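Remember, it's a predicted structure, so these values are computed and weren't measured experimentally. Only heavy atoms go into these numbers, but all of them, side chains included; no hydrogens, no water, no symmetry mates. Order of the sequence lines sets the chain letters (A, B, ...), proteins ahead of strands, with each chain counted from 1.
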There are 2 protein chains.
Amino acid sequence: MNEPIYRQIADDLRGKIESDEIAHGAQLPTESDLMGQYDASRNTVRDAIRLLTTRGLVETRPGQGTFVVEQVSPYVTTLSDPDIGEESGLYRLDLAASQHTSASTHPRVEIQRASSRIANELHLEQDSTVISRHQKRYIDGAPWSLQTSFYPMRLVEQGATRLIQAADIKPGVVSYLTGVLGIEQAGWRDSIIVRAANEAEAGFFRLSDDGRVSMIEDWRTAFDQHGAPFRLTVRVYPADRNQLVANFGSVS
Amino acid sequence: MNEPIYRQIADDLRGKIESDEIAHGAQLPTESDLMGQYDASRNTVRDAIRLLTTRGLVETRPGQGTFVVEQVSPYVTTLSDPDIGEESGLYRLDLAASQHTSASTHPRVEIQRASSRIANELHLEQDSTVISRHQKRYIDGAPWSLQTSFYPMRLVEQGATRLIQAADIKPGVVSYLTGVLGIEQAGWRDSIIVRAANEAEAGFFRLSDDGRVSMIEDWRTAFDQHGAPFRLTVRVYPADRNQLVANFGSVS
DNA sequence: GGGTATTTGTCCGTATGTATT
DNA sequence: AAATACATACGGACAAATACC
């Protein structure tokens, strides 16, 4: 037997799904049915389904059955846009049908010591004090992303005291910093990796805890007009329903 | 039993890995050992290991054992750099220790009819003729990314005949198009999604065929000085060893 | 609300195959 | 060739979630 049985079953089912013989959202035959169809044991059938599950083709629902996953049009985040109103729920979002509402929780504000990487990004000494502002963000009531922004404590000491208040800063933190301290956002750098979800993320985004859906993690460091970093924003998105877009130079 | 046994075992092992009680690269106890340690059946132990595997913490090697995965420093691709010498192996790469060599195969050139999405990106009619130039790219001899560029056939008709030759175009296609047709790259748009690897990709990148490692797919559309798209480049990277960086505005 | 049937989830035991040392 | 370790495949039993009457 060159190819294991469970792979043969998985390949056969995959063909039926990709040829639309089994439609999106439709239910697959039950494990019991598949045992009969392929003359295999239940565990072998389940191995086949698990393969399709980790590849994101199907999902199982206890008590109901196994279903072909529905394709969802992804949320699009444009990296080349500055964060206008980044805490006020006005976050820019491109969607084919733009009738969507976005919202975010009030920030949870913490005073922390900078980890090695955070200190490095903000050009601070390690263990420097930073302000952390954490928010959960939703689209149409569904969890969309988790965001934490870090600011050097010097900004508060210089007068930007609203940074340590657990309230939205409207119309945006950058506008506020410009008004209070004259800091302008001259540029930013996004650094993007894909990694497995941790427990908190799996809970918030309601991911199956088998670790199949990975996370897109975006570290954005913002620089002022003197080239000094003044903010680090870490955003995490579920990779299966989000898309990133970046424009450079002149695009139509 | 609130938490299933295999999850308890997985959590316990995860703790030992994250606390470095079991070092990176080290071997886990064998399935037989774990059966004894946790007084569980072999299948239950294997369920626990599978959970850690899909989360990317460990990998199994038949005949050898189960090992904690080594952390590899990711390859960094800077999206905000134009593709200087994009076919000549000079692709820009940021690495801590920059003593690395990159190389790519000679392009495989095909004449194709544009799919719906490709036609849309290049502002062509569907089923228009496009040139496809496909390359495999390596770093230090290891597979790094797959790249396919699409060009409208009108570029060849207007004189850029080297596009349909299966040879590198040095110092770069953009330079060539500028010289022959006066086309300059005024800007570009990157669109990034994460998806499961297909069979060809799993083979090229030597991924385990359990579909655990997903792919980063980057669609880059380049625009000329008149705002017209003249090239679409689709790149695919394994998500577990690649990082994207983008700079906007003025960054230090 | 309760009970029952259906369906997937967990767990066990066993046997054999394949890869590596 | 032999020993070790993971991979595949079978069988059975009970639990948990869901749907339906």
**Atom-to-atom span, CG of B/D47 to C1' of C/dG9 - whole angstrom** = 10 Å

**Item:** DNA chain D: 5'-proximal contact among A/S41 and B/I49 (nearest heavy atom)
**Value:** B/I49

**Request:** Round to a whole Å and report the spacing from CG of A/N43 to P of C/dT14.
**Result:** 16 Å

**Message:** Whether A/Q64 contacts D/dA19 is assessed here as follows: a side-chain N or O lying under 4.0 Å from the phosphate OP1 or OP2. Is that the case?
**Reply:** yes

**Request:** Would you tell me if any nitrogen or oxygen in the side chain of B/R46 comes within less than 4.0 Å of OP1 or OP2 on D/dC6?
**Result:** no

**Request:** Determine the contact category for B/T66: base if any of its heavy atoms lies under 4.0 Å from a base atom, sugar-phosphate if only primed atoms, P, OP1 or OP2 are that close, otherwise nothing.
**Result:** sugar-phosphate

**Prompt:** Rounded to the nearest 0.5 Å, how far does OG1 of B/T44 lie from CD1 of B/I49?
**Reply:** 11.5 Å

**Request:** Whole angstrom is fine here: how far is it from CD in A/Q27 over to C1' in D/dA19?
**Result:** 12 Å

**Message:** Working note: A/Y6 + A/N43, criterion side-chain hydrogen bond (donor to acceptor under 3.5 Å, both in side chains); need CA distance, chi angles, decisive distance, verdict.
**Reply:** CA-CA 9 Å; A/Y6 77 96; A/N43 283 324; over 6 Å; no

**Request:** Under 4.0 Å between any heavy atoms, over every strand shown, what does B/R61 touch: base, sugar-phosphate, or nothing? Just pick one.
**Result:** sugar-phosphate

**Prompt:** In whole angstroms, how far is the P atom of C/dG9 from the CD1 atom of B/I5?
**Reply:** 17 Å

**Prompt:** What distance do B/D39 atom CG and B/I5 atom CD1 have between them, rounded to the nearest 0.5 Å?
**Reply:** 8.5 Å

**Prompt:** Over how many whole Å does the gap from B/E31 atom CD to D/dA7 atom C1' extend?
**Reply:** 9 Å

**Request:** Record whether the side chain of A/R7 comes under 3.5 Å of the base of D/dA7 through a donor-acceptor pair of N or O atoms.
**Result:** no

**Request:** Could you state the atom-to-atom distance from CD of A/E59 to P of C/dT7 in whole Å?
**Result:** 17 Å

**C/dT6 phosphate, OP1 or OP2, under 4.0 Å from A/T30 side-chain N/O** = no

**Request:** Return yes if some donor-acceptor pair links the side-chain N/O of B/D168 with the main-chain N/O of B/K170 below 3.5 Å, else return no.
**Result:** no

**Message:** I'd like to know if A/R42 reaches the base of C/dG9 with its side chain, counting only an N/O donor and acceptor under 3.5 Å.
**Reply:** yes

**Request:** Please say whether more than 12 non-hydrogen atoms of neighbouring residues, nucleotides or ligands are located less than 6.0 Å from CZ in B/R113.
**Result:** no

**Request:** Could you tell me the separation between the CG atom of B/L28 and the C1' atom of D/dA5, rounded to a whole number of Å?
**Result:** 13 Å

**Request:** Round to a whole Å and report the spacing from OH of B/Y38 to P of C/dT10.
**Result:** 18 Å

